[in-house]
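Worth saying up front: this structure is predicted, and the values here are computed from it rather than measured.
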Amino acid sequence: GKPTLMLMVLARRIQWSFRYGLHVSMAPAYATMASVFMHFLGDWERGLRMAEAAVQVMERAKELGVAANFEQEVLYRLHFLVSPWTQPARNLSNQLIDGYKTCMLHGDVQCAF
């Protein structure tokens with residue numbers, strides 16, 4: 001793949017959300033950027049803020065009844081790419097099980113495993 005292209009697309013999506021307003025479908029982009037900030041840029045604080053934003057956007061999407069379209073993506077990215085580096089291991093098992101169940105519920109086997 002082309003990691004530079006992925007970063008440019010993510011940055012553009014987030015830039016558009018600032019310019020045109022936040023949409024509930026932005027939660028996966030925020031979750032991915034959280035991982036990018038943490039693992040590639042070493043900015044753990046900004047990564048945590050992006051992860052929190054992803055959770056808030058997903059919660060809003062649940063309220064509107066449209067989270068089913070991308071909830072499994074957000075949970076996968078947060079539980080496997082962010083949480084293991086920000087939370088104690090004993091807190092992760094329930095999150096990983098919830099993520100697995102959500103992915104399987106939506107038929108996303110790749111995300112579940």
Chi angles and distances behind the side-chain contact (heavy atoms from CB on, under 4.5 Å) call for Glu71, Lys62: CA-CA 9 Å; Glu71 181 179 14; Lys62 283 183 180 180; 3.0 Å; yes
Distance, nearest 0.5 Å, that separates CE of Met38 from CG of Leu81: 10.5 Å
From CD (Gln87) to NE2 (His79), nearest 0.5 Å: 8.5 Å
For Ala27 against Ala54, the heavy-atom pair lying closest together: O-CB, 3.6 Å
Criterion side-chain contact (heavy atoms from CB on, under 4.5 Å) on Met58 and Leu75, from CA distance to verdict: CA-CA 9 Å; Met58 190 176 67; Leu75 291 178; 3.9 Å; yes
Met6 atom CE, neighbour heavy-atom count above 12 within 6.0 Å: yes
Glu63 bridged to Arg60 by N-O distance under 4.0 Å: yes
Hydrophobic cluster identity match, Phe40 and Leu7, side-chain contacts under 4.5 Å: yes
Close side-chain approach of Val55 to Glu59, heavy-atom, < 4.5 Å: yes
Joint hydrophobic cluster, Leu105 plus Tyr76, side-chain heavy atoms closer than 4.5 Å: no
More than 12 heavy atoms of other groups within 6.0 Å of Trp85 CH2: yes
For the student: nearest non-hydrogen atoms of Val82 and Ala34, plus distance: CG2-CB, 4.1 Å
Arg46 side chain reached by Leu41 side chain, heavy atoms, under 4.5 Å: no
CA sep, side-chain torsions, deciding dist, call: His39, Trp44, side-chain contact (heavy atoms from CB on, under 4.5 Å): CA-CA 8 Å; His39 301 293; Trp44 293 90; 4.2 Å; yes
Rounded distance (nearest 0.5 Å) linking atom CD1 of Ile14 with atom CE of Met50: 3.5 Å
Same apolar cluster (I L V M F W Y, side chains within < 4.5 Å links), Leu5/Val36: no
Spacing of Gln72 atom CD and Arg77 atom CZ [to the nearest 0.5 Å]: 9.5 Å
Shared hydrophobic cluster for Met33 and Trp16 (ILVMFWY, side-chain gaps under 4.5 Å): no
Nearest-0.5 Å distance, OH of residue Tyr20 to CD of residue Gln15: 8.5 Å
Side-chain donor or acceptor of Ser83 paired with backbone N/O of Leu78 under 3.5 Å: yes
Nearest-0.5 Å distance, CZ of residue Arg13 to NE2 of residue His23: 10.0 Å
Non-hydrogen atoms of Ser25 and Phe70 that approach each other most closely: CA-CE2, 3.8 Å
